[in-house]
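Because only heavy atoms are used, hydrogens play no part in the values below, and waters and symmetry mates are left out as well, while side chains stay in.
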Amino acid sequence: RSASKIVQQAAAELADLVKTAIKCAGLAGSSAPIAFTGGLLGASSLLTYLIETRLLNDFPNMPILKDNPDPHTGALSAAEHLL
């Protein structure tokens with residue numbers, strides 16, 4: 001029970017951080033994607049589900065991309081295209 005509460009609190013705080021970033025970047029109301037990446041967010045977990053639910057409630061037009069490659073893989077791919 002305690003672990004579940006910790007995950008719920010973490011999800012609320014992470015979702016709030018993402019919401020703030022979206023608003024500060026002026027992306028609220030846009031259809032820009034939100035990318036989940038990393039070990040904890042790549043998996044279909046309670047944490048991922050809770051964050052996704054909170055974000056989709058506030059930003060229904062912003063698709064959430066999951067199971068993305070690691071950030072360094074994407075950076076290498078982008079650099080490769082520049083060459």
Side-chain angles (χ1 to χ4, degrees):
R1 192 112 159 98
S2 296
S4 178
K5 286 184 179 183
I6 291 170
V7 171
Q8 290 175 358
Q9 183 65 34
E13 291 178 14
L14 286 169
D16 286 344
L17 285 171
V18 173
K19 289 176 190 181
T20 300
I22 289 169
K23 290 174 185 173
C24 286
L27 295 173
S30 76
S31 60
I34 301 169
F36 283 10
T37 188
L40 292 175
L41 294 178
S44 294
S45 66
L46 177 60
L47 179 65
T48 301
Y49 172 77
L50 292 172
I51 296 171
E52 182 176 12
T53 301
R54 290 174 182 272
L55 293 176
L56 288 176
N57 283 336
D58 288 349
F59 307 107
N61 295 327
M62 297 181 85
I64 294 180
L65 308 177
K66 295 183 279 188
D67 299 321
N68 298 299
D70 292 325
H72 66 275
T73 304
L76 288 172
S77 177
E80 190 175 63
H81 284 106
L82 292 174
L83 293 175

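- Here the CZ-CD distance, from Arg54 to Glu13, works out to 10.0 Å after rounding to the nearest 0.5 Å.
- Residues passing the salt bridge (charged side-chain N to carboxylate O under 4.0 Å, His left out) test with Lys23, sequence neighbours excluded: none.
- Considering only heavy atoms from C-beta on, Met62 stays 4.5 Å or farther from Leu55 through its side chain.
- Nearest heavy atom pair, residue Ser31 against residue Pro63, reads O-CD, 3.5 Å.
- Among Ile22, Leu56, Leu65, the single residue meeting the side chain to side chain contact (heavy atoms under 4.5 Å, CB included) criterion with Ile34 is Ile22.
- In the hydrophobic clustering of this structure, Ile64 groups with Leu46; members are Ile, Leu, Val, Met, Phe, Trp, Tyr whose side-chain heavy atoms approach within less than 4.5 Å, directly or through other members.
- Following chains of ILVMFWY side-chain contacts shorter than 4.5 Å, one can reach Leu40 starting from Phe36, so the two form part of one hydrophobic cluster.
- Atoms OG1 and CG, from Thr48 and Leu14 in turn, are 10.0 Å apart once rounded to the nearest 0.5 Å.
- Transitive grouping of hydrophobic side chains (ILVMFWY, heavy atoms separated by less than 4.5 Å) brings Leu17 and Leu50 into a common cluster.
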